[in-house]
Protein chains: 2
Amino acid sequence: MTEKRFHKIQQVVSRRQKYLTIVLENIHDPHNVSAILRSADAVGIGKVYLIYNTCKFPKVGRVSSASANKWIELVRFKNVRDCFNELRKKKFNIYSTYISESKKNYSLFELNLTGKIAFVFGNEHEGVSDDVKRLADRNFLVPMYGMVQSLNVSVTVAVCLYETLRQREIKGKYDKSEFGKKELKEKLNYYLKK
Amino acid sequence: MTEKRFHKIQQVVSRRQKYLTIVLENIHDPHNVSAILRSADAVGIGKVYLIYNTCKFPKVGRVSSASANKWIELVRFKNVRDCFNELRKKKFNIYSTYISESKKNYSLFELNLTGKIAFVFGNEHEGVSDDVKRLADRNFLVPMYGMVQSLNVSVTVAVCLYETLRQREIKGKYDKSEFGKKELKEKLNYYLKK
C-alpha cells in the first residue's frame, strides 16, 4: 500500500458520519442501488440498512466500476420494526419521504439535518411501506415544480444526502469525528484490509 | 381537459425558470438522460441544450414512465462553440463540473446560483470535453468525502439543480415569473397542446 492510499483511507475514515445513515426498503433496480451506494459513500455514510421482504437485494457488483459497496457495511433486517428498533437504540431520528394526508409534509429544506438522522427510501414503484409510514418519526418531501410527479429514487436519495452534507459542512461535522479513538482505529483496520 | 389539469399546467408554466438551463454533452445512457430530464423538469427547467458529437442522444421514451421529455424543449448543437455562443447571447453564465489543475475549483455550495446559470455536464466516461473546459466561465466540484472518486452523472446533475432550487426558493424565484406576459401566454398554449 502506498502512503497516498493510506492517507486517503485514513481521511475517509475520519470523515465517516457516525450519526447519518440510510435505510433502503425493497429498492430493486441495480443501477439505482449502485448509484445510491456511491452517493452514500461520498457523503460519509459507512453503514446502510436494508429491509428486503418483497424483493431481493440486487447484485450491484457488475453495474458500477466504482464499487462503493466495498466501502459500505450492509446490515440486513427482515422487517421494519426490527430495523427501526435497532436505529432507535442508537438514538437515530427516522425520516421518510412520502406524502401524508394527516401529518404535516415538511420540505427537505426546512429540516435540520445535523443531528442523528436515518433516512428511509422505498421501492421504485410502491414507495415506502405502510409500516414505515406508521413508524417513522417524520415525513418530508423534496420540492418539485414541474409536470412530472416523482424523481428517480437514486436522485431523491442524493438530493437528501447532499442537503445533509451541506448543513453538516457548515457545522464542521467533517472536520472532527464523532467516533471515539478506539472506534476510529477499528474502522481504519477494517478499511485497510479491504 | 379538467380544470385541475389546466391549473397544474398554468402553475408549472409560471414556475419555469427563464434563466436556468443545463447542457448535456454526449451523455449516452438512457437511464441517466431520463433521470436528468425528470430532475430538470422538477426544478423548473423548460429548455435543455444538447451537444452530441461523439455519441447519439439516446431514446428515452421507453425508459421512464414519467416522460419528462414531453415537457422539456430540447435544443441541439453540433459543437460547444455554437452552443455557448447561443447561451452567451442570452447572458447565461456557463458553469461546468470538472477538476482544473490551473484554475480555482469552487465547491458547488460556494456558488451563487440565483442568477443566469447554464450548467454543463459531460459524458459518463470522458466527462466534459476540452472545449467545454476551455470555454466555460467557471469550474466547480460537488464535494465528496468517500472512497469513490465520482458520482453517477444523473446524481451530480440532481445535486447541482437542487442546490440551485434551494437558493432560488429563498429568493422567491418560484413565486414570480421572469418571463413576460406574452411569453407566458405562448408557453401556456404550447403546454396545453401537448
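Letters A, B, ... are given to chains in the order of the sequence lines, protein chains preceding strands, and every chain is numbered from 1.
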**Student:** Between A:D29, A:V43, A:V159, which residue shows the highest count of heavy-atom pairs closer than 4.5 Å to chain B?
**Tutor:**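 Top count of heavy-atom pairs under 4.5 Å with chain B: A:V159.
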**Student:** CE/B:M1 to NE2/B:H7 distance, rounded to the nearest 0.5 angstrom?
**Tutor:**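 Atom-to-atom, B:M1:CE and B:H7:NE2 are 13.5 Å apart.
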**Student:** Drop me the distance from B:T97's OG1 to B:L108's CG, to the nearest 0.5 angstrom.
**Tutor:**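 The OG1 atom of B:T97 sits 8.5 Å away from the CG atom of B:L108.
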**Student:** Report which part of B:Q17 has an atom under 4.5 Å of a heavy atom belonging to chain A: side chain, backbone, both, or neither.
**Tutor:**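 Contact with chain A is absent: no heavy atom of B:Q17 under 4.5 Å.
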**Student:** A:Y162 versus chain B, heavy atoms under 4.5 Å apart: side chain, backbone, both or neither?
**Tutor:**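 The answer is both parts of A:Y162.
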**Student:** Can you confirm whether the side chains of A:K103 and A:Y98 place a donor and an acceptor under 3.5 Å from each other?
**Tutor:**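 Result is yes, a qualifying pair exists.
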**Student:** Quick test of your reading of the model: are B:R166 and B:E169 salt-bridged, counting only N-O distances below 4.0 Å?
**Tutor:**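 Answer for the salt bridge query: no.
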**Student:** Walk me through whether B:N26 and B:T54 qualify under side-chain hydrogen bond (donor to acceptor under 3.5 Å, both in side chains).
**Tutor:** CA-CA 6 Å; B:N26 296 309; B:T54 64; 3.2 Å; yes
**Student:** Does any N or O in the side chain of B:R38 come within less than 3.5 Å of the main-chain N or O of A:S150, such that one atom is a donor and the other an acceptor?
**Tutor:**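 Yes: the side chain of B:R38 pairs with the backbone of A:S150.
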**Student:** Against chain B, label A:Q11 side chain, backbone, both or neither, depending on which of its atoms sit under 4.5 Å from a heavy atom there.
**Tutor:**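 When you check distances to chain B, no heavy atom of A:Q11 falls under 4.5 Å.
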**Student:** Quick one: list whatever passes salt bridge (Lys or Arg N to Asp or Glu O under 4.0 Å) with A:D131, sequence neighbours left out.
**Tutor:**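 Counting only residues at least two positions away or on another chain, A:D131 forms a salt bridge (Lys or Arg N to Asp or Glu O under 4.0 Å) with A:R134.
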**Student:** Quick check: are there more than 12 heavy atoms from other residues, nucleotides or ligands sitting under 6.0 Å from NZ of B:K8?
**Tutor:**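 It does: B:K8 NZ has more than 12 such atoms within range.
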**Student:** With a strict 4.5 Å heavy-atom criterion, list every residue of residues 117-129 of chain A that contacts chain B, or say none.
**Tutor:**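 Listed by number, there are no contacting residues, so the answer is none.
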**Student:** Determine whether more than 12 heavy atoms belonging to other residues, nucleotides or ligands lie under 6.0 Å from atom NZ of A:K171.
**Tutor:**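 Not buried by this count: 12 neighbours or fewer within 6.0 Å.
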**Student:** Shortest non-hydrogen contact from B:S14 to B:L184?
**Tutor:**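 Closest heavy-atom pair between B:S14 and B:L184: CA-CD2, 4.2 Å.
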**Student:** Atom NZ of residue position B:K194 - does it have more than 12 heavy atoms of other residues, nucleotides or ligands inside 6.0 Å?
**Tutor:**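 Yes, the 6.0 Å shell around NZ holds more than 12 heavy atoms from other groups.
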**Student:** Anything in residues 135-146 of chain A with a heavy-atom distance to chain B below 4.5 Å? Please list those residues in order.
**Tutor:**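 Only A:V142, A:P143, A:M144, A:Y145, A:G146 of residues 135-146 of chain A have a heavy atom under 4.5 Å from chain B.
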**Student:** Between A:R16 and A:D41, is the closest basic N to carboxylate O distance under 4.0 Å?
**Tutor:**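 Yes, A:D41 and A:R16 are salt-bridged.
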**Student:** Quick check with a 6.0 Å cut-off and a 45 degree axis cone: is B:K104 positioned over the face of B:Y106's six-membered ring?
**Tutor:**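 Yes - B:K104 lies over the ring of B:Y106, closer than 6.0 Å to its centre and within 45° of its axis.
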**Student:** Check this for me: A:K182, atom NZ, are more than 12 non-hydrogen atoms of other residues, nucleotides or ligands nearer than 6.0 Å?
**Tutor:**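 Open.
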**Student:** With a 4.5 angstrom heavy-atom cut-off, which part of A:I9 approaches chain B: side chain, backbone, both or neither?
**Tutor:**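 Both backbone and side chain of A:I9 come within 4.5 Å of chain B.
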**Student:** Measure distances from A:L165 to the heavy atoms of chain B and classify the residue's part below 4.5 Å as side chain, backbone, both or neither.
**Tutor:**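 Only the side chain of A:L165 comes within 4.5 Å of chain B.
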**Student:** Counting only heavy atoms not in B:E110 (residues, nucleotides, ligands), do more than 12 fall under 6.0 Å from its CD?
**Tutor:**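 Yes - once you tally the heavy atoms of other residues, nucleotides and ligands closer than 6.0 Å, there are more than 12.
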**Student:** State the CD1-OG distance between A:I22 and A:S39, to the nearest 0.5 angstrom.
**Tutor:**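 So the gap between those two atoms works out to 8.0 Å.
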**Student:** Quick check on the structure: residues of residues 72-93 of chain A within a heavy-atom distance below 4.5 Å of chain B, by number.
**Tutor:**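 Answer by number: none.
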